[in-house]
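For reference, the structure discussed in these notes is given below.
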Amino acid sequence: MDAPVDATGTAAWAELDRLAAGLAPDLRAWFEADPGRVERLSLSAADLHVDLSKHLADDDVLAALVTLAEQTGVAERRDAMLRGERINVTEDRAVLHTALRLPRDASLEVEGTDVVAEVHEVLDRVYAFAEQVRSGEWRGVTGERIRTVVNIGIGGSDLGPVMAYEALAEFRHPEIECRFISNIDPTDAATTLEGLDPATTLFIVSSKTFGTLETLTNARLCRAWLLERLGDEVDGDAAVARHFVAVSTALDKVADFGIDPDNAFGFWDWVGGRYSLDSAIGTSLVVAVGPERFAELLAGMHAMDEHFRTAPLERNVPVLMGLLNVWYADFHGAQTHAVLPYAQLLHRFPAYLQQLTMESNGKGVRWDGTAVTAGTGEIFWGEPGTNGQHAFYQLIHQGTRLIPADFIAFANPSFALSDGDQDVHELFLANFLAQTRALAFGKTAEEVRAEGTEESVVPARVFTGNRPTTSIMAPALTPSVLGQLVALYEHITFTQGVVWGIDSFDQWGVELGKKLAQEVGPAIDGDADALAAQDASTRALIAYYREHRRS
Ligand code: F6P
């Protein structure tokens with residue numbers, strides 16, 4: 001694999017440095033002087049309408065950013081990824097989540113195998129299983145139909161399914177509920193299982209590696225819960241066979257756990273955990289919304305992949321959004337990035353994006369092991385509007401930190417309720433429009449004074465404006481549009497990773513804590529040697545725990 005280009009050594013980087021030093025952003029003036037700005041900077045990608053006009057970037061900046069993408073080889077690496085080259089260098093793996101959504105009649109030969117055929121073989125099995133559960137043909141061990149599906153998984157084996165399950169509430173099976181257990185805090189399993197009938201509950205153990213402590217512990221908890229509640233008269237193996245299925249790349253470990261391989265759905269090491277919603281990891285979602293809707297989600301992702309693959313860089317939405325993120329992170333000191341969906345059903349989308357973006361690009365070395373030479377990996381965060389407005393928007397509007405923000409809104413609500421007089425969705429959209437407008441154009445001291453404000457409080461009421469936002473709009477939050485949004489952010493993350501020279505597909509940073517947890521366990525349990533091996537702070541915290549625990 002080629003060594004990464006040092007972005008900071010490129011001519012484009014030097015040009016961006018120069019432009020950043022001389023930039024005096026004035027969105028009011030830019031909009032006035034340039035009536036074509038909005039049209040020029042409004043782009044389409046599949047069904048998404050993306051307005052980049054409220055960014056602190058003029059044509060020179062955008063051109064230099066595109067040159068940066070060219071000089072760091074974004075398109076070449078994208079094409080290498082799509083071909084199935086092993087661009088995940090530190091794990092020596094291909095990166096092929098895009099193959100999960102290639103249409104059935106496509107083919108992609110990777111190292112002698114047509115991966116599309118394999119993908120559709122598994123999809124067909126997942127679809128057939130989901131139909132059995134949805135129709136009631138799949139019965140629990142006592143002959144009852146399944147009413148609740150509990151997905152047990154963590155990280156990418158949880159966040160994608162739960163985010164999409166929430167987002168697609170409009171399309172769910174009316175008589176089957178999905179619940180999700182992820183945290184190893186036993187409270188998570190205990191509260192999630194509360195009120196469930198074991199006879200009508202099906203567990204999906206989702207783990208790429210089938211070695212994740214949290215997931216295996218929770219799976220054991222759930223198996224014990226199931227068997228204990230079903231009682232002695234029910235055969236344990238038969239119960240597990242009817243109430244447990246698994247999704248994993250490690251089917252041997254699934255069998256060791258006691259789950260029938262016939263009830264297991266595989267995927268491949270070239271699917272990263274945080275890129276796996278569209279693999280068999282989405283099985284709980286397929287049960288919830290049905291194969292047809294899931295196929296629409298995949299088609300939406302594929303449509304965005306095609307845009308990413310074919311649109312010229314200067315009209316390529318994920319590339320431009322990724323480059324603008326680099327612009328703010330590396331040339332304006334932005335440390336965080338807000339994602340603000342004006343759709344209540346996207347309330348888990350920011351959490352989903354946190355893993356996608358931060359596990360991917362939170363790295364300090366490049367794919368050849370050399371240290372990065374620029375800031376990487378912003379902190380992604382957010383909450384749905386308008387809740388965020390009444391919590392943290394104050395800081396975005398008037399604080400001292402620059403926080404680029406993505407606003408996501410839909411022309412139609414997922415669910416409509418009316419009070420008889422007012423279209424509440426319009427009221428909701430008015431808030432989205434008002435916020436992006438206030439952030440961009442602010443409010444001058446003269447405008448504040450003109451409202452008759454007392455002079456002493458004028459400064460507190462001034463809004464500087466020039467706070468950058470992207471507005472993303474779509475007709476409605478359909479499965480396809482959700483797929484487009486997910487793929488959009490995957491490719492934004494990819495673009496930033498390539499510019500920074502990062503392997504966005506490994507996650508070594510989570511390993512040390514996992515290993516230490518295993519070493520600390522015996523110390524908590526009272527093992528003197530293990531305790532002695534801990535640092536003074538850890539020993540003191542363990543002492544506090546032992547003194548205060550109830551039993
Ligand atoms: O947090 C590390 C990680 O490996 C994630 O990348 C992954 O999504 C999660 O753990 C769960 O892993 P698995 O699906 O193998 O249980």
Side-chain angles (χ1 to χ4, degrees), residues 87-97 100 122 126 150-165 180-185 188-189 192 203-223 244-257 259 264-286 348-363 377 379-380 486 489-490 493-494 497 502-518:
I87 65 160
N88 177 356
V89 182
T90 71
E91 296 181 324
D92 191 24
R93 289 176 183 165
V95 175
L96 272 177
H97 43 276
L100 296 169
V122 176
V126 170
V150 178
N151 185 77
I152 307 169
I154 196 163
S157 300
D158 167 74
L159 287 163
V162 73
M163 176 279 289
Y165 177 74
F180 299 85
I181 299 175
S182 54
N183 202 329
I184 200 170
D185 180 344
D188 193 10
T192 305
F203 294 96
I204 303 180
V205 187
S206 298
S207 173
K208 177 178 171 183
T209 56
F210 226 75
T212 304
L213 182 71
E214 290 86 344
T215 299
L216 294 188
T217 305
N218 280 322
R220 279 194 296 273
L221 281 180
C222 291
R223 185 171 56 187
F244 271 82
V245 301
V247 179
S248 185
T249 57
L251 296 178
D252 47 336
K253 293 190 189 163
V254 170
D256 290 347
F257 185 84
I259 295 175
F265 306 103
F267 58 112
W268 306 271
D269 71 358
W270 41 258
V271 183
R274 52 196 175 273
Y275 298 87
S276 65
L277 162 67
D278 43 341
S279 72
I281 289 290
T283 299
S284 54
L285 183 66
V286 186
R348 294 294 286 160
F349 195 57
Y352 169 77
L353 290 184
Q354 286 187 325
Q355 187 198 15
L356 174 65
T357 59
M358 291 158 74
E359 201 165 79
S360 295
N361 285 339
K363 318 263 166 80
I379 296 154
F380 274 72
V486 168
Y489 280 92
E490 287 176 350
T493 303
F494 175 88
I502 281 174
D503 180 344
S504 300
F505 303 99
D506 61 13
Q507 57 285 315
W508 297 106
V510 293
E511 291 308 316
L512 178 61
K514 284 189 199 169
K515 189 167 170 288
L516 292 186
Q518 285 179 350

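Every number for a ligand or one of its atoms is a count from 1 in the order of the listing. Both backbone and side-chain heavy atoms feed into the values below; hydrogens, waters and symmetry mates do not. Quantities reported herein were computed from a predicted structural model and do not represent experimental measurements.
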(request) Starting at CG of Leu100, measure out to CH2 of Trp268 and round the result to the nearest 0.5 Å. (result) 6.5 Å
(request) Kindly confirm or rule out an N or O of Ser157 lying under 3.5 angstrom from an N or O of ligand 1. (result) yes
(request) Evaluate the ring planes of Phe203 and Phe244, with Trp represented by its six-membered ring, and classify them as parallel (under 30°), tilted (30 to 60°) or perpendicular (over 60°). (result) parallel
(request) Given ring-ring contact (aromatic ring centres under 6.0 Å, His included), test Tyr489 with Phe349 step by step and report yes or no. (result) CA-CA 11 Å; Tyr489 280 92; Phe349 195 57; 5.7 Å; yes
(message) What I'd like to find out is whether the side chain of Tyr352 reaches to under 4.5 Å of the side chain of Phe380, using heavy atoms alone.
(response) no
(message) Suppose we measure from atom 8 (O) of ligand 1 to each protein heavy atom; which comes out shortest, and what is that distance?
(response) Gly156 N, 2.8 Å
(request) Identify, for atom 10 (O) of ligand 1, the protein heavy atom at the shortest distance, and state residue, atom and that distance. (result) Lys514 NZ, 4.5 Å
(request) Check whether any side-chain heavy atom of Val247 sits under 4.5 Å from a side-chain heavy atom of Phe267, and report yes or no. (result) yes
(message) Out of all atoms in ligand 1, which are within 4.0 Å of some heavy atom of Gln507? Include the element for each.
(response) 6 (O)
(request) Using a strict cut-off of 4.0 Å, indicate which atoms of ligand 1 neighbour a heavy atom of Thr212. (result) 12 (O), 13 (P), 15 (O), 16 (O)
(message) So for ligand 1, is Glu359 a polar contact partner (N or O within less than 3.5 Å, distance only)?
(response) yes
(message) Check this for me - ligand 1, Gly273, N or O atoms closer than 3.5 angstrom, yes or no?
(response) no
(message) Treating Asn151 as the side-chain partner and Ser157 as the backbone partner, does any N or O pair qualify as donor plus acceptor under 3.5 Å?
(response) yes
(message) Only heavy atoms of Gln355, strictly under 4.0 Å: list the atoms of ligand 1 that pass.
(response) 5 (C), 6 (O), 7 (C), 8 (O)
(message) How far is atom 9 (C) of ligand 1 from the closest protein heavy atom, and which atom is that?
(response) Ile154 O, 3.7 Å
(message) Students should be able to answer this: which protein heavy-atom is nearest to atom 15 (O) of ligand 1, and at what distance?
(response) Thr209 OG1, 2.6 Å
(message) Donor-acceptor check, side chain of Arg223 to backbone of Phe257, threshold 3.5 angstrom: yes or no?
(response) yes
(message) To check your reading of the model: name the closest protein heavy atom to atom 2 (C) of ligand 1, its residue, and the distance in Å.
(response) Val510 CG2, 3.4 Å
(message) Determine whether a donor-acceptor pair (N or O, by modelled atom type, separation under 3.5 Å) exists between the side chain of Asn218 and the backbone of Asn183.
(response) yes
